[in-house]
Amino acid sequence: KEYSYIRRKINKLMNTHKNIIIKDYSDVNYSDIINLYNSWSHGAYQRYDNLFDKDYYSEIIKNYNYLQHIILTAINDNKIIGMISGEIASNKTGYCLFRKVSEGYDGLSEFLISQLAAKFYSLDPNVITFNDGGAGKTEGLQFFKERFRPVNKPKRYKLRQGFRILSST
């Protein structure tokens, strides 16, 4: 059946770790979310050539309300073991921005994606597509980004005339 591999991973996770709950992020969990990122990035820098989210992860988490981001946390035995963030764009597509999981929780990433998709749908039933942008084993968005490496070439995006403030009057 379609998606049976994903369902098996999620079911195995939930059978192995029966206490996992999903909660909306709260500002009181900021340091836990930063610690999760630091733990995740330690191993990720060994797996991936180009991680660009270190520069803006904490700022986006701090300003998630202003940015209208949704952040969900996965908690096991009172410890945050995963997080996912995203938003619903004006074209009614759900987008995932960050997804970080602790090691030792196989299937947690898939579970978080399913929970964010469910959250999107509960907020707006017109959301029917979801762009995860994952760096999995397929040549997806991460592969596409690697081809251009815009973070490593900031001059490419510099405006020749500089910035100009446009008057709203």
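Count residues from 1 along the sequence.
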Q: With side chain to side chain contact (heavy atoms under 4.5 Å, CB included) as the test, would you mind laying out the steps for M83 and I61 before giving the verdict?
A: CA-CA 11 Å; M83 65 82 67; I61 300 298; 3.8 Å; yes
Q: Just do the side chain to side chain contact (heavy atoms under 4.5 Å, CB included) check on E59 and N63 with the steps written out, would you?
A: CA-CA 6 Å; E59 289 303 312; N63 296 293; 3.8 Å; yes
Q | Evaluation steps, side chain to side chain contact (heavy atoms under 4.5 Å, CB included), between N131 and C96 | A | CA-CA 6 Å; N131 184 343; C96 174; over 6 Å; no
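Going from atom CG of N11 over to atom CZ of R7 covers 8.5 Å, rounded to the nearest 0.5 Å. Between the CG atom in L97 and the NE2 atom in H69 there is a gap of 5.5 Å [rounded to 0.5 Å]. Here the OG1-CD distance, from T93 to E87, works out to 11.0 Å after rounding to the nearest 0.5 Å. One distance of note links CD1 of I71 with CD1 of I33; it measures 6.5 Å at 0.5 Å rounding. Here the OG-CG distance, from S85 to L116, works out to 8.0 Å after rounding to the nearest 0.5 Å. Atom CD1 of residue I113 and atom CD1 of residue I6 lie 7.5 Å apart, to the nearest 0.5 angstrom.
For T73 (side chain) and K23 (main-chain N/O), a donor-acceptor pair under 3.5 Å exists by modelled atom type. Side chain of S114 to backbone of F111: a donor-acceptor contact under 3.5 angstrom is found. T16 places a side-chain N or O within donor-acceptor distance of the main-chain N or O of K12, the cut-off being under 3.5 Å.
For the pair I84/Q115, no side-chain contact is recorded, criterion being any heavy-atom separation below 4.5 Å from C-beta on. Using a 4.5 Å cut-off on side-chain heavy atoms (C-beta onward), W40 and S102 make no contact. Between Y105 and L13 the shortest side-chain heavy-atom distance falls below 4.5 Å. In this structure, the side chains of V101 and I81 stay at 4.5 Å or more apart for every pair of heavy atoms.
Tracing side-chain contacts under 4.5 Å through hydrophobic residues (I, L, V, M, F, W, Y), one never reaches Y95 starting from L72; they form parts of separate clusters. If you chain together hydrophobic residues whose side chains sit under 4.5 Å apart, Y121 and I22 never meet in one group. Hydrophobic clustering of Ile, Leu, Val, Met, Phe, Trp and Tyr side chains at less than 4.5 Å, counting indirect connections, keeps Y66 apart from V28. Cluster membership for I21 and Y25, using ILVMFWY side-chain heavy atoms within less than 4.5 angstrom, is shared.
Checked by atom type, the side-chain pair N19/N76 shows no donor-acceptor distance below 3.5 Å.
A salt bridge links D106 with K9: the distance from a Lys NZ or Arg NE/NH1/NH2 to an Asp or Glu carboxylate oxygen falls below 4.0 Å. Of the charged side-chain nitrogens involved, at least one lies within less than 4.0 Å of a carboxylate oxygen, so that D24 and K119 count as a salt-bridged pair.
Ring geometry for Y57 versus Y37: interplanar angle under 30°, hence parallel rather than tilted (30 to 60°).
In the displayed structure, N126 atom CG is contacted under 6.0 Å by more than 12 heavy atoms of other residues, nucleotides or ligands.
Between S58 and Y30, the closest heavy-atom pair is CB-OH, 3.2 Å. Across G107 and I10, no two heavy atoms sit closer than the pair O-CG1, 4.1 Å. Heavy-atom minimum distance, A74 versus I20: CB-CG2, 4.5 Å.
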